[in-house]
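Structure, as structure tokens:
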Amino acid sequence: MAKSIGSTAAAKANGGPATIESVADIIERELQHVIVDWLARVEEEPDLKSVPLSFEERTGHLPQLLHDVIARLRLDAGTKAPISKAAAHHGDLRRQQGYTVAMAVQESRLLQVTIFATLHKNTNNLEFSKLLPDVVTIADEVDAQLKEQMLRFMAADAAKVAKGK
């Protein structure tokens, strides 16, 4: 949901009235930039870079995880968020690709940093009255996704131990 405002400061900065968008709308509009920016951050991390993956292998999970974040932001207040099936699948995939728990946590942290950096770049378009609650929701959703990934790591470890007995 975008709306136009006629703030003088915003108008000067953009050459016209600023379009105010929800956090969900900004993330949705900037989805590809979030992915590219996240990948650039990942490629700066030696431990993450040590697992050789193609662009698709490294980023293929992000559109669905980001869509889950967007969907969560659009839920009515008080609505219970669904558990991300994409996050569980991502946990299985990263474990198979050779990631450690610490590496999965680092990837998740970088996703939050990238989302917040994207919002910062779009400050002139943000609906400020909802920004802080939305930042909390983003952090909660990304952490919930990380929890699902860790549950999959732990289940795989438990299955491995059970096979060894």
Side-chain angles (χ1 to χ4, degrees), residues 1-2 10 13-14 18-75 81-157:
M1 177 174 96
N14 295 325
T19 300
I20 300 304
E21 299 174 277
S22 70
V23 167
D25 289 344
I26 290 171
I27 295 170
E28 189 170 55
R29 176 174 47 80
E30 296 290 331
L31 193 75
Q32 290 307 311
H33 288 145
V34 170
I35 292 169
V36 169
D37 291 351
W38 174 85
L39 182 59
R41 283 183 168 84
V42 165
E43 289 177 345
E44 291 175 7
E45 299 294 327
D47 57 332
L48 297 178
K49 230 171 65 170
S50 72
V51 176
L53 298 173
S54 69
F55 176 84
E56 180 57 33
E57 290 169 326
R58 181 101 45 209
T59 65
H61 67 290
L62 282 176
Q64 188 55 55
L65 292 182
L66 288 166
H67 283 295
D68 288 349
V69 169
I70 292 163
R72 173 87 183 270
L73 287 164
R74 290 181 173 149
L75 285 177
I83 294 171
S84 173
K85 291 179 181 152
H89 173 71
H90 179 60
D92 288 336
L93 181 63
R94 282 299 191 248
R95 190 173 186 288
Q96 291 166 4
Q97 291 169 331
Y99 267 49
T100 64
V101 166
M103 293 165 82
V105 170
Q106 180 71 343
E107 253 194 9
S108 180
R109 186 187 71 76
L110 292 173
L111 180 58
Q112 287 188 57
V113 168
T114 304
I115 291 169
F116 298 147
T118 298
L119 295 177
H120 182 72
K121 288 178 194 171
N122 285 275
T123 301
N124 289 340
N125 302 91
L126 279 170
E127 188 174 350
F128 277 102
S129 66
K130 295 183 180 179
L131 179 60
L132 202 49
D134 284 350
V135 165
V136 170
T137 299
I138 291 166
D140 188 58
E141 177 61 24
V142 173
D143 287 349
Q145 291 176 2
L146 178 61
K147 176 185 174 188
E148 285 306 305
Q149 292 172 37
M150 295 304 95
L151 289 172
R152 297 310 285 246
F153 269 70
M154 291 167 29
D157 288 345

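Annotation: the span from Glu21 atom CD to Asn124 atom CG amounts to 11.5 Å, rounded to 0.5 Å. Distance check: Glu127 CD to Ile26 CD1 gives 9.0 Å after rounding to the nearest 0.5 Å. Interatomic distance, Leu66 CG to Gln32 CD, rounded to the nearest 0.5 Å: 9.5 Å. Distance check, rounded to the nearest 0.5 Å: CG of Asp134 to OG of Ser129 gives 9.0 Å.
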Derivation of the side chain to side chain contact (heavy atoms under 4.5 Å, CB included) call for Thr59 and Val36 | CA-CA 9 Å; Thr59 65; Val36 169; over 6 Å; no
Before giving the answer on side chain to side chain contact (heavy atoms under 4.5 Å, CB included), spell out for Met103 and Gln97 the whole-Å C-alpha distance, their side-chain angles and the decisive distance to 0.1 Å. CA-CA 11 Å; Met103 293 165 82; Gln97 291 169 331; over 6 Å; no
- Might you work through the side-chain hydrogen bond (donor to acceptor under 3.5 Å, both in side chains) test for Arg109 and Gln112, ending with a clear yes or no? CA-CA 5 Å; Arg109 186 187 71 76; Gln112 287 188 57; over 6 Å; no
task: Using the side chain to side chain contact (heavy atoms under 4.5 Å, CB included) rule, take Asp25 and Asn125 through it: C-alpha gap first, then chi angles, then the decisive distance, then the call.
output: CA-CA 10 Å; Asp25 289 344; Asn125 302 91; over 6 Å; no
Would Leu39 and Leu62 count as a side chain to side chain contact (heavy atoms under 4.5 Å, CB included) if you check the C-alpha gap in whole Å, the side-chain angles of each, and the deciding distance to 0.1 Å?
-> CA-CA 10 Å; Leu39 182 59; Leu62 282 176; over 6 Å; no
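Note on Glu30 versus Lys121: no salt bridge recorded, every NZ/NE/NH1/NH2 to OD/OE distance being 4.0 Å or above. Salt-bridge annotation for Lys147 and Asp140: absent, with no side-chain N of the basic residue lying under 4.0 Å from a carboxylate O of the acidic one.
Between Glu148 and Ile83 there is a side-chain heavy-atom pair separated by less than 4.5 Å. Within the 4.5 Å cutoff, the side chain of Arg94 has heavy atoms near those of the Glu107 side chain. A heavy-atom distance below 4.5 Å is found between the side chains of His67 and Leu31. Residues Leu119 and Ile138 are in side-chain contact: their nearest non-hydrogen atoms beyond the backbone lie under 4.5 Å apart. Using a 4.5 Å heavy-atom cutoff, the side chains of Ile70 and Glu141 are not in contact.
Between Glu57 and Ser54, the shortest heavy-atom distance links the atoms OE1-N, 2.8 Å. Leu48 approaches Arg58 most closely through the heavy-atom pair O-NH1, 3.1 Å. Pairing each heavy atom of Phe153 with each of Tyr99, the nearest pair is CE2-O, 3.4 Å. The two residues Arg152 and Asp92 come nearest to each other via the heavy atoms NH2-OD2, 2.6 Å. Closest non-hydrogen pair, Asp37 versus Thr114, comes out as CB-CG2, 3.7 Å. Taking both residues in full, the closest heavy atoms of Arg72 and Ala81 are given as CD-CB, 3.2 Å, listed atom of the first, atom of the second, then distance.
No donor-acceptor distance shorter than 3.5 angstrom exists from the side chain of Ser108 to the backbone of Ala104, with no hydrogens or angles considered. Counting only distance, with no hydrogens or angles, the side chain of Trp38 and the backbone of Ile115 share no donor-acceptor pair below 3.5 Å.
Between the side chains of Gln106 and Glu45, at least one donor-acceptor pair of N or O atoms lies under 3.5 Å. Looking only at atom types and distance, the side chain of His61 has no donor-acceptor partner in the side chain of Gln149 under 3.5 Å away.
In Leu75, the CG atom is crowded: over 12 heavy atoms of neighbouring residues, nucleotides or ligands sit closer than 6.0 Å.
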